[in-house]
Number of protein chains: 2
Amino acid sequence: MSDAKKNKPATPDLASVPKAVVSRLSLYLRELQHLVFDGHETISSHRLGKLLGFSDAQVRKDLAYFGQFGHPGIGYRCPELIAAIRGILGTDAVWPVALVGVGNLGRALLGYKGFGAQGFQVQAAFDSDARKTGSTVEGVTVYHFDDLAKVVRQRGIRVGIVSVPADSAQTVADRLVEAGVEGIVNFAPVTISLPESVSLVGVDLAIELEQLAFSVVNRRQTR
Amino acid sequence: MSDAKKNKPATPDLASVPKAVVSRLSLYLRELQHLVFDGHETISSHRLGKLLGFSDAQVRKDLAYFGQFGHPGIGYRCPELIAAIRGILGTDAVWPVALVGVGNLGRALLGYKGFGAQGFQVQAAFDSDARKTGSTVEGVTVYHFDDLAKVVRQRGIRVGIVSVPADSAQTVADRLVEAGVEGIVNFAPVTISLPESVSLVGVDLAIELEQLAFSVVNRRQTR
DNA sequence: TAGATTGTTAATCGATTAACAATC
DNA sequence: TAGATTGTTAATCGATTAACAATC
């Protein structure tokens, strides 16, 4: 037996954690940050779950995938749990990010304060329109798309945001992968395919509204 | 036995369809629209699944929750299936939408073409900053937040988009509910609570990046 | 007809819930 | 101590996959 106890593995297999658990982890983190802001020092699984609409058992089970963070009789200490979740998500260090496509949505994303607050720093923007390149948007330099690989490598950028129209999203994604990024958030309303080795998160704003429409029409709760 | 055969209920209980199935429905729809654009008339569950990274069995099972849309030996006729899915999602008619919070993100959402393409029409925007009210952004009139209830009722708006800062999101949501909306898409990075009767979809842009970071660090596929 | 492909059933797999001894 | 609350196990519930007769 290689681990100290036989309970939790010293190195839990994070890749095998259910996807649903990981997505709730981000919600726990966000809630904990608000709790600290409101002056709370500890929180029980019951109260944390209640705030998010989950059961206490689910909160405890989710967190237990990653280790033992709670204190029986007390609950979870907020700052401690925040640090732990940041470590698990990998957002305890700053991630340099590239954004491709400085249109309406791209500009909004460049100005979005929430990224910085969670450890993401958009260090370079790219566009193929020469009227936009060379300028600065929200403090971020807009480079020409042709310089993508060079700048991404120079700055050690690991993830890219795609905010171009649907018909160029695949090409942009391919260039980002060539340039060496390991993950992409795609805001274009189209399916893109990437090598297995590159992670992909798709965000389709119209689909979010569609999902809402369905639950309105069928009177069901979305969460 | 009230239904014709004993197979599919004449009125399938849509509220009991798994949430995951409904979210894939939107992806099928998006893919089918691209397929039609590319000149395809029919598509098999195998090919549709392949495009999206799902198995053929899953595609067939998902669609079978809602009825029989396929043709053995042929596959699914794209335009037919598109119409069926639109009917299921409720986006076969136009949904008038209200947007609250004309900041960076709000402006981008007002200019987002994808909403219109999927049946959503932002008919009114609201802000509490008097310098913004009375103007027009992307062809949409910006009203003062105080006029929310009046305009929402006048236009029969059923869903609202919240794109205000986190600290005013709950208040804005409450006012939207008072005004009679039945569903809300919340872009503010905070949990909001609504009556059971109102549907809620939350979109947190930083959380999407966090989820990507986790899968990059743990080299796992997000979809 | 032969080949392709559906809708559906049964088997498998995975996630959530309930319960409770252990702990503070 | 008594009360609160955890981490974990076992039981339940739900979703996905595999297989195949029915259909075009």
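By convention in this document, chain letters (A, B, ...) are assigned in the order of the sequence lines, proteins followed by strands, and residues within each chain are numbered from 1. Computed from heavy atoms alone, side chains included, the values below leave out hydrogens, waters and symmetry copies. Model, not experiment: these values are computed from the prediction.
- Listed pair R47(A) / dT6(D) fails the phosphate criterion, with no side-chain N or O lying under 4.0 Å from OP1 or OP2.
- For the OP1/OP2 pair of dA18(D) and a distance below 4.0 Å, the side-chain nitrogens and oxygens of Q58(B) include no atom meeting the criterion.
- Side chain of A57(B), nearest nucleotide from dT5(D), dT16(D), dA18(D): dA18(D).
- E182(A) and S199(A) form no side-chain donor-acceptor contact under 3.5 Å, judged by distance and modelled atom types alone.
- Atoms NZ (K19(B)) and C1' (dA15(C)) sit 14 Å apart, rounded to a whole Å.
- Remark: dT12(C) base-pairs with dA15(D); criterion is Watson-Crick or G-U wobble with both hydrogen-bond distances under 3.5 Å.
- Computed from coordinates, the L63(A) CG to dT5(D) P distance equals 16 Å when rounded to whole Å.
- The side chain of S55(A) contributes an N or O atom lying less than 4.0 Å from OP1 or OP2 of dT17(C).
- A side-chain donor-acceptor contact under 3.5 Å links Y28(A) and D62(A).
- Summarising the geometry, the separation between OH on Y65(A) and P on dT6(D) is reported as 18 Å, rounded to the nearest angstrom.
- Comparing dA15(D), dG7(D), dT8(C) against the side chain of Q68(A) picks out dG7(D) as the nearest.
- Between the CZ atom of F54(B) and the C1' atom of dA15(D) there is a distance of 14 Å, given to the nearest Å.
- Just one residue in the list K113(A), R86(A), Q33(A) forms a side-chain hydrogen bond (donor to acceptor under 3.5 Å, both in side chains) with Q118(A), and that residue is Q33(A).
- Across all strands shown, dA22(D) forms a Watson-Crick or G-U wobble pair with dT5(C), both key distances being under 3.5 Å.
- We find that CZ of R24(B) is positioned 12 Å from C1' of dG14(D), with the value rounded to whole Å.
- Between dG7(C) and R60(B), no contact under 4.0 Å exists linking OP1 or OP2 to a side-chain N or O.
- Look at CZ on F66(A): it is 16 Å from C1' on dT8(D), rounded to the nearest Å.
- With no hydrogens or angles considered, a side-chain donor-acceptor pair links Q211(A) and S26(B) at under 3.5 Å.
- A sub-4.0 Å separation between OP1 or OP2 of dT5(D) and a side-chain N or O of S45(A) is absent.
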Just the atom pairs and distances: protein N or O near nucleotides 21-24 of chain C's N or O, under 3.5 Å.
unit_1	atom_1	unit_2	atom_2	d
dC24(C)	O4'	P72(A)	O	3.4

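- Looking at R60(A) and S45(A), their side chains do bring a donor and an acceptor atom within 3.5 Å of each other.
- Under 4.0 angstrom from either OP1 or OP2 of dG7(C) there lies at least one side-chain N or O belonging to Y76(B).
- The line from CD1 of I88(A) to CG of L81(A) is 8.0 Å long, rounded to the nearest 0.5 Å.
- Toward the 5′ end of DNA chain C lies the nearest nucleotide of I43(B), the other residue of the pair I43(B) and K61(B) mapping further downstream.
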Using the side chain to side chain contact (heavy atoms under 4.5 Å, CB included) rule, take V201(A) and F187(A) through it: C-alpha gap first, then chi angles, then the decisive distance, then the call.
CA-CA 9 Å; V201(A) 168; F187(A) 282 93; over 6 Å; no
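- Between Y28(B) atom OH and dT6(C) atom P there is a gap of 12 Å when expressed in whole angstrom units.
- Within 4.0 Å (heavy atoms only), F69(A) reaches sugar-phosphate atoms of the nucleic acid but no base atom.
- Taking atom CG of residue D62(A) and atom P of nucleotide dT6(D), one finds them 13 Å apart after rounding to whole Å.
- The shortest side-chain heavy-atom distance between R158(A) and W95(A) falls under the 4.5 Å cut-off.
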